[in-house]
Number of protein chains: 2
Amino acid sequence: MAGRRGQATRQKLLTCLDEMLSSSPYRDVRVIDVARRAGTSPATFYQYFPDVEGAVLELAEEMSKESSSLSELATDRQWTGKAGWQTAEELVDGLLSFWRENDAILRVVDLGAAEGDKRFSKIRTKVLNGITGPLADSIGKLQSKGKADPDISPAAVAGSLVSMLASVAGQQKAAQSWGAKKSDLKPNLAYLLYLGVTGRKPSR
Amino acid sequence: MAGRRGQATRQKLLTCLDEMLSSSPYRDVRVIDVARRAGTSPATFYQYFPDVEGAVLELAEEMSKESSSLSELATDRQWTGKAGWQTAEELVDGLLSFWRENDAILRVVDLGAAEGDKRFSKIRTKVLNGITGPLADSIGKLQSKGKADPDISPAAVAGSLVSMLASVAGQQKAAQSWGAKKSDLKPNLAYLLYLGVTGRKPSR
DNA sequence: TACTTGTCCTGTCATGTCGTCAGCTTACCG
DNA sequence: CGGTAAGCTGACGACATGACAGGACAAGTA
């Protein structure tokens, strides 16, 4: 589809778009600005992408591939005793830093999904399901061993917990306004995560 | 500042803007479309608002006033036994329907806040703190009675729980993709809320 | 080095939105 | 009914969009 030079230009446009998204509101990102920043012209941009949204989708796709590393933080993990607490802490930590590294694109994906755009929903689902799936499995296993409330739906609980983490991660700046110290955030998220999965208070 | 007729036009523009936000992506909402829908001209729009964002802020401000009704769902509530379970259910119910009624403006507020715009952060904080505040108080009281984990931060836990509810509420369409039934959502959110506040499984 | 070929980039243009101003219309009051 | 102020709009320059044709460039050939 495109040669070596073309690929480079295309990639540069994507990189510059990502920078623009980080520094200015999504609504105000213009093709002409992205092109200028990449040292090229709007016409070139349109050669590779149908519009800003199209290019954003590419960025999101890239990001969703990298998100597979998040799955590892939730698959085949211990959820009992101190090991369980460590699992919770690592999961919170991993998710928070992934969100910090990709905050610009993630908030646009969130918006797109909330607006009902299937393409964005799909990507958001892929990222979140990477964690929600294994987490639901863990809850299911605890249930079958009688170690978790049998009345809950593993999928709904896992999904809600991951939503919580993602939402707090996406609004980290605003979080202080609750009156909570910044350092309080991680341990308390881990607490809620552990509590939600196991139904018991963590033994730290 | 403005007479009777002016107020009416202004309000009509806001209403039409709200409708536009519900039916098309925020990024694509144009002044000219809002004006046309209101049966007036772009010039009139600019007489009342500096730009689309400015008008959206007005809408958000209105919404944040209505959100005070949410506070009542969390102030002076019982959190023990069956009464506690009812409190949780009512809070989840109230929040979910408030979000359903105001989803368009709420997602724009979320975006603005995530992008670091103080004006939107302030509004988001006002809406969420209406619940987070009283909820944190309840947790604090439980703590002082020895009925909740003394090591947690009431503010951080309350904030995270409310974030969870808000986030799930904002992505209700996407929620099915977890593999959870729609009817599972509410009871499981109430379960997590009760669990987070009290540290114990609910007695339904 | 000169020529050829296919890839890649850009100047330019028609279309449409933005945001402003002067001037016109409407409602209200004496 | 005429005057006044509030409210609305046509029109305009500036700018973004998206399409195309043609120019610039790298790489291979002789």
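Side chains included, hydrogens not; waters and symmetry mates left out as well; all remaining heavy atoms used. Everything numeric here is computed off the predicted structure, so don't read it as measured data. Letters A, B, ... are given to chains in the order of the sequence lines, protein chains preceding strands, and every chain is numbered from 1.
When all heavy atoms of B:L135 and B:V197 are compared, the pair lying nearest together is CD1-CG2, 4.1 Å. The heavy-atom pair separating B:R200 from B:L195 by the smallest distance is O-CD1, 3.2 Å.
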Side chains of residues 37-45 of chain A: which donor-acceptor partners sit under 3.5 Å, not counting sequence neighbours?
unit_1 : atom_1 : unit_2 : atom_2 : d
A:R37  : NH1    : A:E19  : OE1    : 2.5
A:T40  : OG1    : A:T44  : OG1    : 3.0
A:S41  : OG     : A:T44  : OG1    : 3.4

Please tabulate, one pair per line, each protein N/O and nucleotide N/O from nucleotides 17-21 of chain C that are separated by under 3.5 Å, including the distance.
unit_1 : atom_1 : unit_2 : atom_2 : d
C:dC18 : OP1    : B:V31  : N      : 3.4
C:dC18 : OP2    : B:I32  : N      : 3.3
C:dG19 : OP2    : B:Y46  : OH     : 2.7

Using a cut-off of under 3.5 Å, enumerate the N/O to N/O pairs linking the protein to nucleotides 26-30 of chain C.
unit_1 : atom_1 : unit_2 : atom_2 : d
C:dC28 : OP1    : B:R4   : NH1    : 3.1
C:dC28 : OP1    : B:R4   : NH2    : 3.3

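Side chain to side chain, B:S64 and B:E62 fail the donor-acceptor criterion of an N or O pair below 3.5 Å.
For the salt bridge (charged side-chain N to carboxylate O under 4.0 Å, His left out) condition, the pairs that include at least one residue of residues 100-109 of chain B, sequence neighbours left out, are B:D103-B:R107. Residue pairs that meet the side-chain hydrogen bond (donor to acceptor under 3.5 Å, both in side chains) test with at least one member in residues 108-123 of chain A, sequence neighbours left out, are A:E53-A:R119, A:D110-A:R124, A:D117-A:R119.
Every residue was checked against the ring pair (Phe, Tyr, Trp, His ring centres under 6.0 Å) condition with A:Y48, not counting sequence neighbours, and none meets it. For A:T75, there are no side-chain hydrogen bond (donor to acceptor under 3.5 Å, both in side chains) partners at least two apart in sequence or on another chain. Legend: residues meeting salt bridge (Lys or Arg N to Asp or Glu O under 4.0 Å) with B:D149, ordered by chain and number and at least two apart, are A:R204. In this structure, the salt bridge (Lys or Arg N to Asp or Glu O under 4.0 Å) partners of A:E90, at least two apart in sequence or on a different chain, are A:R77. The ring pair (Phe, Tyr, Trp, His ring centres under 6.0 Å) search around B:F98 returns none, not counting sequence neighbours.
In summary, A:D33 and A:R36 engage in a salt bridge, as defined by a charged side-chain N under 4.0 Å from a carboxylate O.
Using a 4.0 Å cutoff to heavy atoms of chain A, the contacted part of DNA chain D runs 5' to 3' from D:dA16 to D:dA27.
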Check the pair A:E66, A:S68 against side chain to side chain donor-acceptor pair (under 3.5 Å), reporting the backbone distance first and the verdict last. CA-CA 5 Å; A:E66 286 167 29; A:S68 63; over 6 Å; no
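Within 4.0 Å (heavy atoms only), B:Y48 reaches sugar-phosphate atoms of the nucleic acid but no base atom.
Taking the C1' atoms of five terminal pairs at each end of the helix from C:dT1-D:dA30 to C:dG30-D:dC1, the two resulting helix axes are inclined by 10°, rounded to 10°.
The phosphate of C:dC8 has neither OP1 nor OP2 within less than 4.0 Å of any side-chain N or O from A:T44.
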